[in-house]
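Structure, as structure tokens:
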2 protein chains.
Amino acid sequence: MGKKAVTSPQGDASTVRDVAARAGVSASTVSRVLGGTYPVAKATRAKVLKAMRELDYVVNAHARALGGSTNNTVAFVVDDVTGSFYAHIARGVEEQASAEGRLCMLCTTHNDPQRVLAVVETMREQRADAVIVVGGAWDDRAYQDRMTHFAHALDRAGSRLVLVGRPPLGPGVPATVIDYDNEGGAFAMTTHLLSAGHRRVAYLGRVPGLSTSSQRISGFTRAHEMLDIEPDPKLIIDGTFSRGSGYQGMHELLASGTEFSAVFAGTDMVAAGALQALREAGVRVPEDVALAGYDDIPTAIDVYPTLTTVHVPAEELGRAAVRLALHRDEFPESQHHVLGTHIVVRDSTRRHGR
Amino acid sequence: MGKKAVTSPQGDASTVRDVAARAGVSASTVSRVLGGTYPVAKATRAKVLKAMRELDYVVNAHARALGGSTNNTVAFVVDDVTGSFYAHIARGVEEQASAEGRLCMLCTTHNDPQRVLAVVETMREQRADAVIVVGGAWDDRAYQDRMTHFAHALDRAGSRLVLVGRPPLGPGVPATVIDYDNEGGAFAMTTHLLSAGHRRVAYLGRVPGLSTSSQRISGFTRAHEMLDIEPDPKLIIDGTFSRGSGYQGMHELLASGTEFSAVFAGTDMVAAGALQALREAGVRVPEDVALAGYDDIPTAIDVYPTLTTVHVPAEELGRAAVRLALHRDEFPESQHHVLGTHIVVRDSTRRHGR
DNA sequence: ATGAAAGCGCTAACAC
DNA sequence: GTGTTAGCGCTTTCAT
């Protein structure tokens, strides 16, 4: 085969200079019509535009980002886009970023703290305007320290670290935290269950060391305390935030013979797994046991019976994250924002006949 | 408030030169240890590394992309990450991109052809190594022409347009197409329904002008023809690929009084909506009517009864898209790839008592 | 209103 | 091995 001269990897994309030559003007003039922010004679502008069209010219975003101010990019770091909850946050992030003229980089970390760190570093290289990290906050001290370090580094570079659904890194750390009322949602749901007469409510899917989980447990506990009910430790089942874990945990709970009349699942996916286990065991929901979830993902209305759950404003969480990061000078004193949650009652907790 | 000197937007991020100065070497040497691809004296390397650490240095990806070959970015353009099907493709794309050392840009287009065009243009500015577009292909001629134009432009720039789940743009157009056997899946499912004895099968959710939909209809029709059954046009219901459309379409079909014993929904989400409508109408699935979907999203096992559907290898689709785009020289003659589909039989089509 | 020139941060030739 | 030099494509003073 005939060897071609080694072509540059960018191929033969045309540059401002090419356009300038064709239009018979200087590169600066081309740049000026590109920017649009500077006076250019009508005729000249037309010539330049024509040349651009003919050459099928597009600016090189990197060259622009290099010299210039910002690269107009927002980074979104998440465990896994496949989960509905995160997908909705992602949608919010993407939409708001797009509305603010920013592009959105997506990075997934597969539940690996190491990867979170690596990815945030990469985003620093990319000079992203904001780095939005959502989900999984570990109680690991070394990890927290590294995140704190990144917060400072990004801040120094004029960028911003945003933590979504995670606890703050500490006072004085330049990071924006946007959270939702995790504890309050769990409290409300537990109260809902308790005040329906349930006295033995199981909590299915506690994830040790995960802040989100701890907060939910804490709302669960507070509701019991308020009504002077002693929660049975045997009714708190460890697991993960997955369907499989819910299925297995429910199976084991049933097999253990421990008594209970309601189950509060750590997430809707956990609830979906639990529902399957209950069905297989011939336990009717809600007649025999009531079931509730957390997150209010779309699947909550597709399961049978439809699932009572805690609604979390996922999309708004994402939207707010980029809004706060990009306009942090407009929200000076508030570094920690909390959005509300509320319970949505559906069939899985409705008493038969009512 | 005290005015600060206008700081550069990048803040005071340190550069190779800063590192060089601190380590007492030249910028090129720093660059060499950065690249790691060139011999540097052990002691020098150590000094440089130390300086980098002390300065908390990170390379500027844009400067690198500008001079250099590639910017190591893959763009993923999709209607909406919120749908499970697309989310799984996204996961495949992200994972493969990450495995190949690429970053992933996410852009959503909200079912707007104009936005697809705009977004692809932006990706051209970003000099992405590959631009992966998934979903919604419109029969609009002008739109196709523009996409063809982009394919050429990207190709000229050393990049690549990849179409996932869409028909090819035409022979000679430098684009990679990765598709799945849409028609075959629909054919297999329809055959499954027909051979179970159903003679009046409704197709719920045809989307006029959408290639994916046309292909499914065509498999549906071919199955009927093969068994010498005349499909009733009244049983083909137009709509969109959404839950709401499935719900409404099913309602109307029921209200129309048209007879049928099985429903093949355009997607699993359409099936979920249909299921709700059937339940509200007191129609039992599968006893009174059988129901099937398409895509095999996770929700298919959470609905009740569990949903018979066509499995599409979504994640692999995403992975393959990246692989093919990045190594297109290794797959010279194959521009059009088709992954297989197969039906997954669950409870929604099982005859009672069998 | 337009052109010339400098420089953003980095890499790659080319010396030494 | 390491330093010097010259750009990558664009924006932005500073002249004119």
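Worth saying up front: this structure is predicted, and the values here are computed from it rather than measured. All chains are named by letter (A, B, ...) in the order of the sequence lines, taking the proteins before the strands, and each is independently numbered beginning at 1.
Judged purely by distance below 3.5 Å, without hydrogens or angles, the side chains of B:Glu100 and B:His327 pair a donor atom with an acceptor atom. Using modelled atom types, one finds no donor on one side chain facing an acceptor on the other under 3.5 Å when comparing A:Arg127 with A:Ser159. If you check the side chains of A:Asp80 and A:Thr108, you find no donor sitting under 3.5 Å from an acceptor. Looking at A:His152 and B:Asp56, their side chains never bring a donor and an acceptor atom within 3.5 Å of each other.
Remark: B:Ser28 is not in phosphate contact with C:dA12, judged by side-chain N or O atoms under 4.0 Å from OP1 or OP2. Applying the 4.0 Å criterion to OP1 and OP2 of C:dA12, one finds that B:Ser31 has every side-chain N and O outside that range. Considering only side-chain N and O atoms, B:Thr29 lies under 4.0 angstrom from the phosphate OP1 or OP2 of D:dG3. Between A:Arg64 and D:dT11 there is a side-chain polar atom (N or O) within less than 4.0 angstrom of OP1 or OP2.
With rounding to whole Å, A:Arg127 atom CZ is found 8 Å from C:dG9 atom P. Between A:Tyr57 atom OH and D:dG9 atom P the separation is 10 Å, expressed in whole Å. Atom-to-atom, CZ of B:Arg124 to P of D:dG9 comes out at 15 Å; the value is rounded to the nearest Å. The CG-P distance, from A:Leu66 to C:dT11, rounds to 12 Å in whole Å. One can place CD of B:Glu125 at 15 Å from P of D:dG9, the figure rounded to the nearest angstrom. Look at CG on B:Asn60: it is 9 Å from C1' on C:dC8, rounded to the nearest Å. Distance CZ (A:Arg17) to C1' (D:dT11): 12 Å, rounded to an integer number of Å. Atom CZ of B:Arg32 and atom P of D:dG3 are 8 Å apart (whole Å).
Ranked by how close their nearest DNA chain D nucleotide is to the 5' end, A:Tyr38 and A:Thr15 are led by A:Thr15. Each of B:Ala27 and A:Ala63 was assigned the nucleotide of DNA chain D with the nearest heavy atom; the assignment lying further toward the 5' end belongs to B:Ala27.
Of the candidate nucleotides D:dG3, D:dG9, D:dG1, D:dG9 has the atom lying nearest to any side-chain atom of A:Val16.
Across all strands shown, A:Val30 has no heavy atoms under 4.0 Å from either base or sugar-phosphate atoms.
The local environment of CZ in A:Arg115 is crowded, with over 12 non-hydrogen atoms from other residues, nucleotides or ligands closer than 6.0 Å.
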